[in-house]
Amino acid sequence: MTPEYLTRPDEHLDPAVAKAYDRGVADRFRPEVVQPVVDTLAELAGDGAAVEFAVGTGRIALPLSQRVTHLYGIDFSEAMLAEL
C-alpha cells in the first residue's frame, strides 16, 4: 500500500511555493551559513566539477559556480529551477 503522503503532489512543484520559498528560509542565505558550505564544496571539487542535487533556487549553487570549473545542478522541480 502506498503511503498517503506519496499520493499528493509535492508542494515544491507549485510555482507559487517556489517563488516564495527563499523568503521562508532567509536565515539560510546569511553569508556565515553559506560561505563555509561553499568553501568546503569548492575544496572537495578542486580542479574538477561539482554536482549539487536538489539545487532548488541556487542558494549554494550560485556562489559555488563562481569557485569551481564546472557546476551541474539537478532538481525535479521546474518551478524551483525557474527561480534559480
Side-chain angles (χ1 to χ4, degrees):
M1 181 166 175
T2 303
E4 190 271 331
Y5 71 91
L6 291 176
T7 64
R8 295 186 310 259
D10 189 299
E11 67 180 17
H12 294 93
L13 299 175
D14 183 329
V17 170
K19 186 165 255 348
Y21 183 79
D22 289 351
R23 288 190 302 270
V25 293
D27 59 316
R28 296 181 191 169
F29 283 80
R30 293 190 327 264
E32 63 270 20
V33 174
V34 173
Q35 200 57 51
V37 175
V38 170
D39 290 345
T40 299
L41 294 174
E43 183 179 335
L44 289 170
D47 292 332
V51 177
E52 183 181 355
F53 297 95
V55 70
T57 62
R59 177 178 66 95
I60 300 300
L62 291 175
L64 183 58
S65 71
Q66 303 300 307
R67 303 268 310 271
V68 298
T69 306
H70 295 287
L71 176 67
Y72 302 93
I74 298 171
D75 204 297
F76 70 91
S77 172
E78 290 182 31
M80 295 290 268
L81 293 171
E83 290 300 314
L84 186 142

Answer with yes or no whether the hydrophobic clustering places [X] together with [Y]; edges join I, L, V, M, F, W, Y residues whose side-chain heavy atoms lie under 4.5 Å apart.
X     : Y     : value
Val33 : Val37 : no
Val68 : Val51 : no
Ile60 : Val25 : no

Please go through Leu84's hydrophobic cluster and name the other residues, only I, L, V, M, F, W, Y counting, with side-chain heavy atoms under 4.5 Å joining them. Val55, Leu62, Leu81

Which other residues belong to the hydrophobic cluster containing Phe76, where Ile, Leu, Val, Met, Phe, Trp and Tyr are joined when side-chain heavy atoms lie under 4.5 Å apart, directly or via other members? Leu13

Which atom of [X] lies closest to which atom of [Y], heavy atoms considered:
X     : Y     : answer
Phe29 : Thr57 : CZ-OG1, 4.3 Å
Glu32 : Arg30 : OE2-NE, 2.7 Å
Ala61 : Leu71 : O-CD2, 3.1 Å
Leu64 : Ala50 : CD2-CB, 4.3 Å
Pro15 : Ala79 : CA-CB, 3.7 Å
Pro31 : Pro36 : O-CD, 3.9 Å

Taking the side chain as every heavy atom from C-beta outward, state whether [X] and [Y] have any pair of such atoms under 4.5 Å apart.
X     : Y     : result
Tyr21 : Glu83 : no
Arg67 : Val38 : yes
Asp22 : Arg59 : no

Around atom CD of Gln35, are there more than 12 heavy atoms from other residues, nucleotides or ligands closer than 6.0 Å? yes

